[in-house]
Amino acid sequence: AGGPRSVSLPLHQRIRGEIEAAILSGSLRAGSRLPTEHELMRQYGCARMTVSKALSALAAAGLIDRRKRAGSFVARPKVHSMVLDVPDLEQEVVQ
């Protein structure tokens with residue numbers, strides 16, 4: 001039950017935030033495979049570009065590894081880079 005802030009977020013940021021929260025809470029563990037882009041497109045009812053943008057942001061933050069033809073996987077934790085790359089992480093998780 002996100003507040004008004006989650007409604008105003010662009011969809012790619014909401015997707016990123018939900019996956020990020022699942023990783024940080026431990027419900028998605030290091031090495032776990034994420035749903036495919038097509039599965040996420042169906043789940044969120046959006047275009048592939050939207051999903052790709054969310055996954056690219058997660059990869060840039062060091063939270064996931066994207067592998068051609070294999071999919072996206074939860075990366076091994078890199079605590080320092082996560083803190084530096086996502087300064088408002090607590091705000092996004094708390095929603």
Would you give the length of the straight line joining atom [atom1] of [X] to atom [atom2] of [Y], rounded to the nearest 0.5 angstrom?
{"X": "Arg48", "Y": "Met41", "atom1": "CZ", "atom2": "CE", "value": "7.0 Å"}
{"X": "Ile19", "Y": "Arg14", "atom1": "CD1", "atom2": "CZ", "value": "11.5 Å"}
{"X": "Gln13", "Y": "Glu20", "atom1": "CD", "atom2": "CD", "value": "10.5 Å"}
{"X": "Gln43", "Y": "His38", "atom1": "CD", "atom2": "NE2", "value": "14.5 Å"}

Please tabulate, for side-chain N and O atoms in residues 50-63, each donor-acceptor pair with protein atoms closer than 3.5 Å (sequence neighbours left out).
residue: Ser56; atom: OG; partner: Ser52; partner atom: O; Å: 2.9
residue: Ser56; atom: OG; partner: Arg66; partner atom: NH1; Å: 2.9

Evaluate the side-chain proximity of [Y] to [X]: yes if any heavy-atom separation is below 4.5 Å, no if none is.
{"X": "Ile15", "Y": "Leu11", "result": "yes"}
{"X": "His12", "Y": "Tyr44", "result": "no"}
{"X": "Ile64", "Y": "Ile23", "result": "yes"}

### Message
Please find the pair of heavy atoms, one from Ala30 and one from Ala75, that lie closest to each other, and give the distance.
### Response
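Heavy-atom minimum between the residues: CB-O, 3.7 Å.
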### Query
Under 3.5 Å, side chain of Glu39 to main-chain N/O of Thr36, donor-acceptor pair present?
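Yes, Glu39 side chain to Thr36 backbone: donor-acceptor pair under 3.5 Å.
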### Message
Tell me whether the count of non-hydrogen atoms from other residues, nucleotides or ligands lying under 6.0 Å of CZ in Arg33 goes above 12.
### Response
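It does: Arg33 CZ has more than 12 such atoms within range.
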### Task
Provide the full list of side-chain hydrogen bond (donor to acceptor under 3.5 Å, both in side chains) pairs with a residue in residues 21-30, sequence neighbours left out, each pair given once.
Ser25-Ser27
